[in-house]
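To start, the structure itself, in structure tokens.
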Amino acid sequence: MKQLLNRVYSWKKLIQRLLLPSVMVILASLVFATSASATGVYEMPTITSGERTWVVDQAEVISRLNEGKISNALENLANQTGNEVRIVTIRRLDYGETSESFTKALFEKWFPTKEAQANQTILMIDTVKNGTAIITGDKVKSVMPDKIVESVANETVMAPLRDGNKYNQAFLDASDRLVAVLSGEPDPGPPQIAENVQVEGTFKKAKETDKGNATAWVIGLLIAATIIPMATYYIYQVFQPSSNG
């Protein structure tokens, strides 16, 4: 019996040594995948006041055709009024970052002085949580008050996103409204939304499903590392010749 127990214990140690590297690789992959998709301000390209870059689509959710339309509209706005608007998309915020903190930090990175910030506007969205934020300079605030800024972020942009993540429509609508207001025209207001009863979807996104499956594998492997040696021991107990025979 002692010899059998020693053998089972040795097998258990062997199985654990074999499974541990696989478990560690899976856990490391999960951590790396999450951090790799996050975007920090330091990773964003550098833009300065007067530069003709109007759309920074890091999340790649805006079509080339619509990016061209938006860029042309914002270019004309800058030429006619001096007000510059940049639209930024990213996939995921760094841990602990918020839409507002990211956009503010980006605003200060691109336009480090009050003079450079005066006529600037940045509209940002992260596509994982659909978090939006708008930061504006001092001169812009006199033309576009905070009430309109909040409405653009929370209504104009969010309405198409709630209706199936229509990013192209969201940014086309937002740029049209921003251009109108910053050109001194009457505010067209947020889009009219039909009052439809909507049931919140319960389906997980593909990334969430993949992460859940990986986590399940980790748990399964850890359980297996414990159960397999125990099962082996009991099987040997059943088939062990009786000492009375």
Side-chain angles (χ1 to χ4, degrees), residues 25-48 51-71 73-74 84-111 120-136 149-150 152-178 200-218:
V25 168
I26 294 172
L27 289 174
S29 299
L30 286 173
V31 173
F32 177 77
T34 301
S35 60
S37 60
T39 301
V41 172
Y42 57 89
E43 297 176 274
M44 299 297 292
T46 299
I47 294 176
T48 58
E51 186 172 331
R52 300 314 188 194
T53 300
W54 310 110
V55 179
V56 181
D57 185 22
Q58 297 283 76
E60 299 180 346
V61 292
I62 306 176
S63 70
R64 290 187 178 182
L65 176 62
N66 288 321
E67 183 174 337
K69 290 180 180 179
I70 294 170
S71 294
L74 299 181
E84 299 182 1
V85 177
R86 266 85 183 185
I87 290 177
V88 177
T89 74
I90 64 172
R91 293 189 188 279
R92 184 193 300 271
L93 294 167
D94 268 342
Y95 178 77
E97 196 84 80
T98 65
S99 300
E100 291 76 13
S101 65
F102 176 91
T103 310
K104 183 178 180 180
L106 183 63
F107 192 77
E108 293 173 351
K109 174 186 176 180
W110 285 355
F111 318 113
Q120 302 296 334
T121 299
I122 295 180
L123 165 60
M124 191 286 299
I125 185 169
D126 77 275
T127 58
V128 169
K129 295 184 178 180
N130 282 343
T132 60
I134 300 180
I135 301 294
T136 61
V149 169
E150 294 173 3
V152 171
N154 298 325
E155 297 179 293
T156 304
V157 174
M158 292 306 298
L161 299 186
R162 295 189 187 101
D163 187 24
N165 284 337
K166 297 177 181 178
Y167 292 101
N168 285 274
Q169 189 63 52
F171 289 117
L172 286 170
D173 291 348
S175 65
D176 288 346
R177 188 176 180 187
L178 290 171
E200 184 178 356
T202 57
F203 296 100
K204 293 183 179 180
K205 296 180 180 179
K207 291 182 179 178
E208 294 174 344
T209 303
D210 292 341
K211 183 177 180 181
N213 289 339
T215 303
W217 271 102
V218 172

Residues which pass side chain to side chain contact (heavy atoms under 4.5 Å, CB included) with [X], listed by chain and number, not counting sequence neighbours:
{"X": "Leu172", "result": "Asn66, Lys69, Ile70"}
{"X": "Val88", "result": "Met44, Val56, Ile90, Leu106, Trp110, Ile122, Met124"}
{"X": "Glu100", "result": "Thr98, Ala133"}
{"X": "Asp176", "result": "none"}

Grab the two heavy atoms, one from [X] and one from [Y], that are nearest each other, plus how far apart they are.
{"X": "Met158", "Y": "Thr132", "value": "SD-CG2, 3.9 Å"}
{"X": "Lys109", "Y": "Pro45", "value": "NZ-O, 4.4 Å"}
{"X": "Leu74", "Y": "Val85", "value": "CD1-O, 3.3 Å"}
{"X": "Ser63", "Y": "Asn168", "value": "N-OD1, 2.8 Å"}
{"X": "Glu60", "Y": "Arg91", "value": "OE1-NH2, 3.6 Å"}
{"X": "Val157", "Y": "Ala174", "value": "CG2-CB, 3.8 Å"}

Apply side-chain contact (heavy atoms from CB on, under 4.5 Å) to Thr89 and Tyr167, showing your working.
CA-CA 10 Å; Thr89 74; Tyr167 292 101; over 6 Å; no
Atom pair [atom1] ([X]) and [atom2] ([Y]), whose distance is rounded to the nearest 0.5 Å:
{"X": "Ser175", "Y": "Leu123", "atom1": "OG", "atom2": "CG", "answer": "9.5 Å"}
{"X": "Glu51", "Y": "Thr48", "atom1": "CD", "atom2": "OG1", "answer": "4.5 Å"}
{"X": "Ile87", "Y": "Thr53", "atom1": "CD1", "atom2": "OG1", "answer": "13.0 Å"}
{"X": "Arg86", "Y": "Ile135", "atom1": "CZ", "atom2": "CD1", "answer": "15.0 Å"}

Asn130 and Asn165: CA distance, side-chain angles, deciding distance, side-chain contact (heavy atoms from CB on, under 4.5 Å) verdict
CA-CA 9 Å; Asn130 282 343; Asn165 284 337; 3.0 Å; yes
Please step through side-chain contact (heavy atoms from CB on, under 4.5 Å) for the pair Ile125 and Leu161, ending with a clear verdict.
CA-CA 11 Å; Ile125 185 169; Leu161 299 186; 3.2 Å; yes
Derivation and outcome, side-chain contact (heavy atoms from CB on, under 4.5 Å), residues Glu67 and Trp54:
CA-CA 9 Å; Glu67 183 174 337; Trp54 310 110; over 6 Å; no
List for me each residue that meets ring pair (Phe, Tyr, Trp, His ring centres under 6.0 Å) alongside Phe111, sequence neighbours excluded, and say none if there are none.
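If we apply the ring pair (Phe, Tyr, Trp, His ring centres under 6.0 Å) test to Phe111, skipping adjacent residues, the hits are Phe107.
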Please name the residue in the list Ile62, Asp57, Val55, Thr156 that meets the side chain to side chain contact (heavy atoms under 4.5 Å, CB included) test with Phe171.
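One option only clears the test, and that one is Ile62.
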Set of residues satisfying salt bridge (charged side-chain N to carboxylate O under 4.0 Å, His left out) with respect to Lys104, sequence neighbours excluded:
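So Lys104 forms no salt bridge (charged side-chain N to carboxylate O under 4.0 Å, His left out) with any residue.
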